[in-house]
Amino acid sequence: WLMNMRCTGSISRGETAEKHNTRVCYTTEERTPENIDFARRDQNVVLVNQPIEEVYNTAFGAALEAYNAKQVARGHAERQIPDYVAKVRADKKKNLFYEFVVQLGNVDEHPDPAVSQAVYEDFLDRLQTRYGDNFALKQAVIHNDEAVSHMHIEVVPVAASTRGLAIQNSLNKAVSQAGHADYKDMLAGWDEILTGAMEEHGLERCEGDRERQMGGVDIHTYKRTKAALKTSESRLECLRQGEEAARADIASLDRSIGQASAFLFEAERCVAPGAVEARAAELEAANQQLRARVSHLEGE
């Protein structure tokens, strides 16, 4: 079962939710989302969890100090940046950090959590070795309390710049300086690392239905999916009611056609030739339209 197992692997962008990842915001079972098993929280593994201030101080502290000193030396003390975290947070074009979700398998078939954890840890080590200079690791948490074991990682882009701080938060520059043409190309590089880590632990990566890979989605995506499902269920009920109404109309029309046929011979004696047949043809055409409508509703 464990060796040479075939399973899917995915890396996707998540919505940043630090407290959700560490579960510190779910203090009771009642406050815990239904996709999380409150009793299994202790099975989660926190590999890295650094405050954002510490990550920024390590990555940008020296560059920030040099920038501020240069502004003072030039007589523009007012241009100093007292808090780079606050500056990036206020910048609508930047994110303080970015989150990604790594997952093996789907809700129907996935490796044992212990095997998945070994792959996630291996992937993280390889990722830091290859991309650590351009993506500072803030958080890495493995969730084993949901349908499928998965890992959330949060990273801060770090890049050299000729304007402003010599080292600063810039996703595009970080991607470029990591040796990639664009963001999509970078994710392809991350995918190669994941494939290598999977093979190292006896897992053959295969293609799969991404819609079934719901175990590792962030809480916001989970809520949106639940809302979409509720809307779809309401739509289905409306379609069912429409189908029932159409079938009732067909039954009524069938009775009308039957009655028309019963009076056919009698009616032909007192009306113009062909008039009843024409009316019967009209009713039959209407019947066919209703049957087509039922077929369409069944399709929907």
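Any value given below was found using the heavy atoms of this structure, including those in side chains, with hydrogens, waters and symmetry copies removed.
Annotation for Asn95: atom CG counts as buried by contact number, over 12 foreign heavy atoms lying within 6.0 Å. Within a 6.0 Å radius of CD in Gln288, other residues, nucleotides and ligands contribute more than 12 heavy atoms.
Between the His110 side chain and the Asn106 main chain, a donor and an acceptor come within less than 3.5 Å of each other. Of the possible donor and acceptor atoms, one in the side chain of Thr129 sits under 3.5 Å from a partner among the backbone N and O of Asp125. Side-chain N or O atoms of Glu204 include none that pairs as donor or acceptor with a backbone N or O of Glu199 at under 3.5 Å. A distance-only check finds a donor-acceptor pair linking the side chain of Arg40 to the backbone of Glu146 [under 3.5 Å]. Proximity of a side-chain donor or acceptor of Asp185 to a complementary backbone N or O of Ala181 within less than 3.5 Å is detected. Judged by distance alone, with hydrogens and angles left aside, the side-chain atoms of Arg130 form no donor-acceptor pair with the main-chain N or O of Ile193 at under 3.5 Å.
Side-chain contact of Glu99 with Asn21: a donor-acceptor pair under 3.5 Å is present, judged by distance alone. Side-chain atoms of Asn169 and Tyr56 include a donor-acceptor pair closer than 3.5 Å. Side-chain contact, Tyr120 with His150: no donor N or O sits under 3.5 Å from an acceptor N or O. Counting only N and O atoms by type, the side chains of Asn44 and Asp145 include a donor and acceptor under 3.5 Å apart.
Once rounded to the nearest 0.5 Å, the distance linking CG of Asp37 with CD of Gln43 reads 8.0 Å. One finds the OG atom of Ser116 at 8.0 Å from the CG atom of Asn144 (value rounded to the nearest 0.5 Å). With rounding to the nearest 0.5 Å, the separation of CE in Met5 from CG in Asp112 is 9.5 Å. Rounded to the nearest 0.5 angstrom, Leu64 CG and Tyr67 OH are separated by 9.5 Å. To the nearest 0.5 angstrom, Leu194 atom CG is 5.0 Å from Ile11 atom CD1. Taking CG of Leu187 as the reference point, atom CZ of Arg13 lies at 8.5 Å (rounded to 0.5 Å).
Ala136 approaches Val55 most closely through the heavy-atom pair CB-CG1, 3.9 Å. Residues Lys173 and Ser161 share a closest heavy-atom pair of NZ-OG, 2.9 Å. Annotation for Tyr131 and Gly189: closest pair OH-CA, 3.7 Å, computed over non-hydrogen atoms. Minimum heavy-atom separation, Lys94 to Gln168: NZ-OE1, 4.5 Å. Closest of all the heavy-atom pairs between Val156 and Phe97 is CG2-CB, 3.8 Å. Contact between Ala178 and Asn134 at its shortest, heavy atoms only, is CA-OD1, 3.6 Å.
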Salt bridge (Lys or Arg N to Asp or Glu O under 4.0 Å) between Asp83 and Arg89, worked out: CA-CA 10 Å; Asp83 186 343; Arg89 181 178 282 118; over 6 Å; no

Could you walk me through whether Leu165 and Ile81 satisfy the side-chain contact (heavy atoms from CB on, under 4.5 Å) test, starting with their C-alpha distance in whole Å, then the side-chain angles of each, then the deciding distance to 0.1 Å, before giving a yes or no? CA-CA 10 Å; Leu165 271 66; Ile81 301 174; 3.5 Å; yes

Pair Asn68-Arg79, side-chain contact (heavy atoms from CB on, under 4.5 Å): steps then yes or no: CA-CA 8 Å; Asn68 287 339; Arg79 295 180 182 175; over 6 Å; no

Go through Asp91 and Lys87 one step at a time and tell me if the salt bridge (Lys or Arg N to Asp or Glu O under 4.0 Å) criterion holds. CA-CA 6 Å; Asp91 191 332; Lys87 179 177 175 60; over 6 Å; no

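Residues Phe135 and Val85 do not share a hydrophobic cluster, defined by chaining ILVMFWY side chains whose heavy atoms lie under 4.5 Å apart. Under a hydrophobic clustering in which Ile, Leu, Val, Met, Phe, Trp and Tyr are joined whenever their side-chain heavy atoms come within less than 4.5 Å, directly or via other members, Val46 and Val155 fall into different clusters.
Side chains of Arg6 and Glu109 form no contact here, defined as non-hydrogen atoms less than 4.5 Å apart. Under the 4.5 Å side-chain criterion, counting only non-hydrogen atoms from C-beta, Val141 is not in contact with Ile153. At least one side-chain heavy atom of Pro111 sits less than 4.5 Å from a side-chain heavy atom of Leu203. Contact annotation: the side chain of Ile36 approaches that of His20 to within less than 4.5 Å [non-hydrogen atoms, C-beta and beyond].
His76 pairs with exactly one of Gln80, Arg74, Glu78 by the side-chain hydrogen bond (donor to acceptor under 3.5 Å, both in side chains) rule, that one being Glu78. Under the side-chain hydrogen bond (donor to acceptor under 3.5 Å, both in side chains) rule, Glu18 has a single partner from Gln139, His152, Lys138, which is Lys138.
Relative to the ring axis of Phe38, Arg41 places its NZ or CZ within 45° and under 6.0 Å from the centre.
Among residues two or more places apart in sequence or in another chain, the side-chain contact (heavy atoms from CB on, under 4.5 Å) test is passed with Ala59 by Val158. The ring-ring contact (aromatic ring centres under 6.0 Å, His included) check on Phe100 picks up Trp190, with sequence neighbours excluded.
Pairs passing the ring-ring contact (aromatic ring centres under 6.0 Å, His included) check and including a residue from residues 158-178, sequence neighbours excluded, do not occur.
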